[in-house]
Amino acid sequence: MRICKIFPAILACTVMPFITAAQEPGAQEPTVAQVVDKIIAQEQAEVQSLRGFSPLVETYIQFVRPDKELGAVPDGDRYFLGRAELAKGVELEPLINSPSGFGKQKILTTLGSFFSTEFLPGGFLQMIYLDTDGFDRQHYKFTYGGREFLGEVRCLIFDVDPLPNSGKGRFSGRIWVEDQDYHVVRFNGAYGGSSKSSYYFNFDSWRVNSGKNEWLPAYVYSEEGNVEYGLAKHATSRAFKAQTRLWGYDLNRPQEEQMLSSVSIEAPKINDQAQKGNGYSPLQARRAWGRLAEDNVAAKMQAIGLLAPFGDVDRVLETVVNNLEVTNELDIQPEVRCRVLMTSTLESFTIGHTIVVSRGLIDVLPDEASLAAVLAHELAHVTLGHRMDTQFAFFNRTRFDEKETFHHFGFARSPAEEEAANKKGIELLKKSPYLDQTGTAQAFFDALQRRAKEIPNLISPHLGDHVPQNWTVAAAAATAATPVSDKPGSPVFAALPLGGRIKVEPWNDQLTLLKPQAEGGTIAEYEKMPFEVGPFLVYLTRQENAATIASKAPIIKAAVDDAADPDHQ
């Protein structure tokens with residue numbers, strides 16, 4: 001990320017004017033005070049706008065402990081998935097049961113107990129807001145701090161501090177404001193007013209542009225205690241790192257505003273024109289019935305935001321599956337499809353002839369060969385005819401409340417089916433173009449086994465089988481290749497951190513494969529972070545074309561910049 005120079009001089013919130021680089025002659029130059037007023041008005045409008053949405057919210061926490069070589073490593077975790085009821089404030093409707101079996105009311109009132117510590121009501125969801133009822137001059141002091149690019153978006157920086165006697169729970173920290181319409185796009189700090197019995201955590205909250213001049217909360221990273229040494233500030237808590245993600249904002253729009261769409265049912269393919277008038281055979285009807293069940297399940301899961309719409313990432317998965325099929329001379333009908341589960345939990349499963357891989361699993365896999373090892377196991381289920389419940393071909397079977405999703409859907413396999421898929425998956429990999437590259441897959445599964453006890457919630461699936469049972473095929477097949485060392489000092493990444501590969505568009509759930517730049521310099525062992533939670537660094541963009549951007553307001557440049565320039569006369 002390219003960072004513009006931030007001058008050390010501090011511009012107080014006075015009437016000193018901003019100088020614009022491309023203002024029309026005679027245009028009134030905005031002052032810092034005027035800009036602050038616009039920021040306040042925009043943020044207050046943002047709070048009201050968000051009340052119209054009910055996105056999905058996922059929070060994953062990793063507790064940490066000190067390690068002599070790695071600085072800090074995971075030491076237990078917690079996971080939450082639910083629907084945010086923003087019209088009611090910061091209330092959450094859980095979609096899965098917590099490990100302790102908490103009900104809705106208890107999660108709403110003592111959300112922190114779910115994460116083994118005491119939180120204020122609303123928990124991590126509260127961190128999408130600066131201040132819901134007092135973000136104004138009467139409660140805050142604003143101090144200009146310079147300019148910076150966050151990705152492609154030019155931002156103004158302000159330090160924000162609550163005024164004396166302004167009340168507890170006020171935000172204290174730094175905000176980044178895009179310089180066209182003055183939306184807050186990032187804020188980093190904490191809420192004030194902590195005590196020995198209750199306290200707020202530090203957090204870094206990001207919003208992304210939806211293309212409709214809306215900046216929607218998407219990512220929150222929070223951290224407490226000295227994560228390098230696993231030391232917490234409070235005796236009753238533990239040091240941790242946490243990621244909160246939000247998506248599915250477009251799912252709750254009124255139906256009349258949505259584009260017409262329908263579930264596409266694939267009819268059997270018939271090449272002989274003479275057969276068209278003779279109807280379908282029983283085999284064709286059976287295949288079509290199974291496909292209809294797959295489509296109904298996929299449509300339901302996509303409608304509630306658990307399954308991403310078909311896109312580029314799915315095509316990548318299908319390319320790998322195609323490579324496995326071609327080299328093994330398979331002709332599977334109906335054809336095998338791939339989809340991506342939106343959650344961070346590491347899991348994969350099959351829905352008939354549809355292979356589903358979670359976003360979190362794709363994030364941490366180090367290379368294509370490791371991905372092929374996972375897909376080979378699932379493809380084995382397909383080739384062996386391990387089917388799904390075709391009762392889902394009846395449309396009424398998917399008409400249930402989303403809170404019941406994980407009670408109605410379950411795609412776990414029997415031990416006998418898992419064992420058969422392991423053997424078949426090994427056969428598929430041995431004839432695949434990935435056979436000589438499976439050393440990295442072996443390193444991945446070795447690392448996963450070592451970390452399994454420390455990240456039980458991350459590797460516990462909600463729809464399929466337990467992770468280690470699913471993927472023993474990869475470790476077995478990898479023995480045919482030269483093992484790759486991931487021991488300290490090795491340049492190999494046995495596994496990536498969470499969020500390492502996929503970018504989620506929170507408005508419409510579209511997924512994009514990230515193409516990060518090559519890392520410079522020597523990579524220390526503690527920087528590899530296999531399966532670990534880390535901070536977000538979002539490359540912000542505007543979902544608009546160049547002509548629209550050019551018609552917006554010009555660059556804002558503070559007068560203090562010229563004053564700080566030693567060549568300024």
Side-chain angles (χ1 to χ4, degrees), residues 1-7 11 13 17-23 27-50 53 127-131 135-136 140 142-160 171 173-189 203-221 246 249 503-508 535-561:
M1 180 176 66
R2 188 175 181 83
I3 305 297
C4 290
K5 182 178 179 182
I6 301 177
F7 294 95
L11 182 63
C13 184
F18 281 84
I19 295 177
T20 57
Q23 282 185 324
Q28 181 66 40
E29 298 171 352
T31 64
V32 176
Q34 291 171 335
V35 169
V36 168
D37 289 338
K38 292 181 179 180
I39 295 170
I40 291 173
Q42 193 67 267
E43 181 62 20
Q44 292 174 349
E46 175 82 9
V47 172
Q48 294 302 315
S49 175
L50 288 177
F53 296 109
M127 300 174 187
I128 68 173
Y129 296 110
L130 274 167
D131 192 322
F135 189 68
D136 51 38
Y140 288 95
F142 297 82
T143 306
Y144 176 72
R147 294 177 295 120
E148 182 177 352
F149 271 86
L150 296 181
E152 299 174 3
V153 178
R154 296 185 301 261
C155 296
L156 307 173
I157 300 173
F158 285 85
D159 290 331
V160 178
F171 176 77
R174 173 164 288 190
I175 64 174
W176 285 256
V177 183
E178 53 87 20
D179 66 356
Q180 291 185 7
D181 298 296
Y182 306 106
H183 292 272
V184 176
V185 298
R186 179 187 183 187
F187 45 103
N188 178 301
F203 64 93
D204 188 24
S205 187
W206 293 76
R207 297 170 179 172
V208 300
N209 184 244
S210 70
K212 298 185 176 182
N213 199 31
E214 291 178 315
W215 290 84
L216 303 173
Y219 308 99
V220 181
Y221 174 73
L246 298 93
Y249 284 93
K503 175 184 177 182
V504 179
E505 170 54 56
W507 174 255
N508 57 18
F536 293 112
L537 185 58
V538 185
Y539 190 91
L540 296 183
T541 59
R542 285 187 171 89
Q543 305 298 322
E544 300 173 304
N545 57 44
T548 304
I549 295 176
S551 66
K552 298 278 187 176
I555 299 174
I556 295 179
K557 189 175 189 296
V560 69
D561 293 358

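For this chain, numbers begin at 1 and follow the sequence in order. These figures come from a predicted structure and were not determined experimentally.
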* Structure fact -> Closest heavy-atom pair, Ile128 versus Ser205, reported as atoms and distance to 0.1 Å, is CA-OG, 3.9 Å
* Minimum heavy-atom distance between Leu246 and Pro506, given as atom pair plus value -> O-CB, 3.4 Å
With rounding to the nearest 0.5 Å, note down the distance linking [atom1] in [X] to [atom2] in [Y].
| X | Y | atom1 | atom2 | answer |
| --- | --- | --- | --- | --- |
| Cys155 | Gln180 | SG | CD | 10.0 Å |
| Leu156 | Ile39 | CG | CD1 | 6.5 Å |
| Asp181 | Lys38 | CG | NZ | 9.5 Å |
| Ile157 | Leu150 | CD1 | CG | 7.5 Å |
| Leu216 | Asn209 | CG | CG | 8.0 Å |
| Glu178 | Glu152 | CD | CD | 14.0 Å |

Measure the shortest side-chain to side-chain distance between [X] and [Y] over non-hydrogen atoms and say whether it is less than 4.5 angstrom.
| X | Y | value |
| --- | --- | --- |
| Val32 | Phe158 | yes |
| Phe187 | Val160 | no |
| Leu50 | Tyr129 | yes |
| Val184 | Glu46 | no |
| Asp136 | Gln44 | yes |
| Glu214 | Trp507 | yes |
| Phe171 | Phe203 | yes |

* Check: Tyr221 side chain, Trp206 main-chain N or O, donor-acceptor pair, under 3.5 Å -> no
* Where the side chain of Arg174 meets the backbone of Arg186, is there a donor-acceptor pair that is under 3.5 Å apart? -> no
Going by the angle between their ring planes, with limits at 30° and 60°, are [X] and [Y] parallel, tilted or perpendicular?
| X | Y | result |
| --- | --- | --- |
| Phe135 | Tyr140 | tilted |
| Phe536 | Tyr219 | tilted |
| Trp215 | His183 | tilted |

